[in-house]
Amino acid sequence: MVNNHKSNEKIMHVAQFIEKVNELINSHPDKKVHFLYRGECKRYPNFCRPNIFRKNVLSTNPLYEKSLFNTMRQNKLSNNESYLENAIDAQHGEFPSRLLDVSYNCLTALYFAVTPYYHKDVSEYDEDDGMVYVFFIDEIFSPSAQNTNDNYNAIIDKECPWFNNHAIFQKNHKFIDHTKLNNRIIAQQGAFILFQGNDDEKTLS
């Protein structure tokens with residue numbers, strides 16, 4: 001299960017940010033949850049959305065993911081036989097993915113909240129307020145576990161249409177723990193939230 005905390009409170013310096021994060025952690029009633037963070041450099045109408053939905057890829061090609069992963073394997077862009085690990089490689093190769101980047105480190109999220117994507121000018125969002133989202137996670141799935149991969153394969157193969165389209169799966173996101181196969185994930189202390197459905201609608205509200 002994934003929950004998120006949203007606040008309109010404006011943070012003006014790093015010490016204030018760290019104090020706010022500590023306040024959230026210490027005030028949470030369940031001390032066993034894991035805290036994850038995501039930074040976005042402006043307040044988007046559809047915040048915390050995987051880029052495969054932001055780019056409306058699936059609306060024009062429902063089998064885009066399977067085709068992409070097979071092409072990546074053929075061209076040696078991914079050496080993994082797991083669709084999920086193909087997706088992780090795709091995510092950090094700037095291909096559309098249904099994985100949402102998050103970090104175990106709140107300062108990593110803060111960096112992304114105040115720094116434009118490297119394709120953009122450094123001053124691109126100077127007039128916008130960056131956003132940091134905090135997620136409280138109570139269940140972790142391993143990217144190497146068989147059940148996690150079987151679940152992801154069912155999404156990609158689309159052999160059970162109800163699995164992707166049923167309303168319950170639109171909001172049943174899964175937290176995928178970090179993998180040491182990708183140096184960028186290691187550097188960012190990163191992990192992912194998997195969006196299982198095909199609905200383009202905002203589901204983290």
Side-chain angles (χ1 to χ4, degrees), residues 1-31 33-59 87-88 90-138 170-178 182 184-197 199-205:
M1 180 179 178
V2 178
N3 294 309
N4 67 305
H5 175 87
K6 294 175 288 182
S7 171
N8 291 321
E9 182 178 348
K10 184 171 288 190
I11 305 296
M12 302 305 295
H13 50 79
V14 174
Q16 184 185 2
F17 174 75
I18 294 174
E19 181 181 352
K20 183 62 178 178
V21 169
N22 285 332
E23 178 185 317
L24 286 171
I25 292 173
N26 292 330
S27 64
H28 197 278
D30 187 351
K31 302 306 179 185
V33 298
H34 302 271
F35 291 83
L36 281 302
Y37 311 89
R38 175 175 172 80
E40 297 189 350
C41 58
K42 62 184 296 186
R43 186 190 296 268
Y44 291 102
N46 289 336
F47 56 87
C48 296
R49 297 294 292 153
N51 56 12
I52 202 166
F53 298 116
R54 284 191 278 111
K55 297 178 180 180
N56 295 318
V57 173
L58 295 178
S59 63
I88 292 171
Q91 175 81 352
H92 292 298
E94 299 187 51
F95 295 104
S97 159
R98 62 175 62 243
L99 300 173
L100 184 73
D101 286 293
V102 292
S103 176
Y104 287 99
N105 190 328
C106 66
L107 294 179
T108 297
L110 179 62
Y111 172 83
F112 285 107
V114 300
T115 306
Y117 191 60
Y118 65 88
H119 286 323
K120 297 183 179 294
D121 186 82
V122 69
S123 60
E124 177 82 15
Y125 297 114
D126 280 359
E127 301 303 316
D128 295 296
D129 291 330
M131 302 291 293
V132 172
Y133 296 88
V134 181
F135 299 90
F136 314 130
I137 310 292
D138 59 11
Q170 306 304 324
K171 291 183 178 291
N172 184 14
H173 311 308
K174 296 190 183 301
F175 170 56
I176 308 294
D177 194 15
H178 68 294
N182 187 301
R184 183 172 169 182
I185 300 173
I186 296 170
Q188 296 175 6
Q189 298 178 48
F192 303 100
I193 294 175
L194 167 63
F195 282 57
Q196 298 191 112
D199 197 336
D200 201 19
E201 202 175 290
K202 182 172 70 177
T203 59
L204 283 178
S205 58

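For the single chain, residues carry numbers from 1 onward in sequence order.
- In terms of heavy atoms, Ala191 sits closest to Phe175 at CB-CE1, 3.3 Å.
- Here Tyr37 contributes atom OH and Ser103 contributes atom OG; the two are 9.0 Å apart, rounded to the nearest 0.5 Å.
- Of all heavy-atom pairs between Lys42 and Met131, the closest is O-CG, 3.8 Å.
- Scanning both residues, Leu110 and Val132, for their nearest heavy atoms gives CA-CG2, 4.0 Å.
- When all heavy atoms of Arg98 and Leu58 are compared, the pair lying nearest together is NH2-CD1, 3.4 Å.
- Remark: Phe17 CZ is packed, more than 12 non-hydrogen atoms of other residues, nucleotides or ligands lying under 6.0 Å away.
- Minimum heavy-atom separation, Ser97 to Ala87: OG-O, 4.1 Å.
- A salt bridge links Glu40 to Arg38: one of the charged nitrogens lies within less than 4.0 Å of a carboxylate oxygen.
- Under the 4.5 Å side-chain criterion, counting only non-hydrogen atoms from C-beta, Phe135 is in contact with Val102.
- A salt bridge does not link Asp128 with Arg43: none of the charged nitrogens is closer than 4.0 Å to a carboxylate oxygen.
- Two residues are said to be in side-chain contact when any heavy atoms from C-beta on lie closer than 4.5 Å; Asn51 and Pro96 meet this criterion.
- Phe195 and Pro50 make their closest contact through CD1-CG, 3.4 Å (heavy atoms, listed as atom of the first residue, atom of the second, distance).
- A side-chain donor-acceptor contact under 3.5 Å links Tyr104 and Asp177.
- Ring centroids of Phe35 and His28 are separated by less than 6.0 Å, placing the two rings close together.
- Judged purely by atom type and a 3.5 angstrom limit, Gln196 has no side-chain atom pairing as donor or acceptor with the backbone of Lys174.
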